[in-house]
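Step one of this worksheet: look at the structure below.
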Amino acid sequence: MSVGAGPAQEQGQSFFEAVGGHATFDAIVRAFYEGVAADPVLRPMYPEDDMEGAVSRLTLFLEQYWGGPTTYSETRGHPRLRMRHMPFKVNPDARDRWIAHMREAVARQNLAPLHAVTLMDYLERAAHSMVNTFDATEES
Ligand code: HEM
């Protein structure tokens, strides 16, 4: 084995392909949204009547980011994720909840450990960059 070779990732193969392609990203995002649906802080932010749309948008974005099809940009344009999150109150509490649901969803996939760590490292950094307020979550 050569030094620095990733787990089961052949030369020229994208991370998207290496982790199992669409089936894997779809499963992660669906598991993630199950967590969101049960989360009192995150649930109200998402469109109740368009959860399938939300599943599709996040799946397509992640697939494109990791070297899969570029359908996200073809249908949604430039990601501009920070800007697209401005309408939502993304404080550290929301960020930590988002990360926790992702961690749970990724853990369920039984990916190779290095793949799981690589994915979570990106998702955590991206989540930190999405924070747009430090106002506390209101008690309900
Ligand atoms: C930090 C906590 C986060 C919160 C609370 C949050 C919340 C939301 C909400 C409420 C939506 C609208 C759902 C929809 O209709 O599509 C959304 C959309 C989206 N989010 Fe997040 N998000 C977070 C972090 C992230 C991160 C880290 C990423 C990427 C790695 C991401 C990627 C996306 C994408 C791709 C969309 C769809 C954008 C579009 O095309 O309209 N989000 N997010």
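Counting convention: from 1, in listed order, for ligands and their atoms alike. Heavy-atom basis, side chains included; hydrogens, waters and symmetry copies ignored. One-based numbering along the sequence shown.
Distances from atom 27 (C) of ligand 1 to the heavy atoms of Pro79, Ser56, Ala127, Pro87 put Ala127 nearest. Evaluated by nearest non-hydrogen atom to atom 18 (C) of ligand 1, the leading choice among His85, Met83, Arg43 is His85. Comparing Phe61, Trp98, Tyr72 against atom 24 (C) of ligand 1, the shortest heavy-atom distance belongs to Trp98. Checking Asp39, Leu42, Leu81, Val131 against atom 5 (C) of ligand 1, the nearest heavy atom belongs to Leu42.
The shortest N or O to N or O distance between Tyr122 and ligand 1 is not under 3.5 Å. In terms of polar-atom proximity, defined here as any N/O pair under 3.5 Å, Tyr33 makes no such contact with ligand 1. By the 3.5 Å distance cut-off applied to N or O atoms, Arg95 is not counted among the residues near ligand 1.
Side chain of Gln64 to main chain of Ser73: a donor-acceptor pair is present (N/O by atom type, distance under 3.5 Å, no hydrogens or angles). Judged by distance alone, with hydrogens and angles left aside, the side-chain atoms of Asp93 form no donor-acceptor pair with the main-chain N or O of Thr137 at under 3.5 Å. Proximity of a side-chain donor or acceptor of Lys89 to a complementary backbone N or O of Ala136 within less than 3.5 Å is detected.
For the 3.5 Å distance criterion, the side chains of Asn91 and Thr133 fail to qualify, holding no donor opposite an acceptor.
Using a non-hydrogen distance threshold of 4.0 Å, Pro47 registers as a contact of ligand 1. Contact between Tyr65 and ligand 1 is absent, with no heavy atom of the residue lying under 4.0 Å from the ligand.
Near Phe88, meaning under 4.0 Å from any of its heavy atoms, are these atoms of ligand 1: 9 (C), 10 (C), 11 (C), 12 (C). Applying the 4.0 Å criterion to heavy atoms of Met45 picks out, from ligand 1, the atoms 5 (C), 10 (C). Those atoms of ligand 1 with a heavy atom of Ala126 less than 4.0 angstrom away are 27 (C), 30 (C).
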Worked check of side chain to side chain donor-acceptor pair (under 3.5 Å) between Asn132 and His85 | CA-CA 8 Å; Asn132 54 28; His85 285 77; over 6 Å; no
Going through the checks in order, is the salt bridge (Lys or Arg N to Asp or Glu O under 4.0 Å) test met by Glu52 and Arg57?
-> CA-CA 9 Å; Glu52 267 309 303; Arg57 288 184 282 274; over 6 Å; no
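Here Met130 has side-chain heavy atoms under 4.0 Å from ligand 1, and that is the only part of it that gets that close.
What you find for Phe16 and Glu63 is that their closest heavy atoms are CE1-CG, 3.6 Å.
Cluster membership for Phe25 and Val117, using ILVMFWY side-chain heavy atoms within less than 4.5 angstrom, is not shared.
Among protein heavy atoms, the minimum distance from atom 7 (C) of ligand 1 is reached at Tyr46 OH, 3.1 Å.
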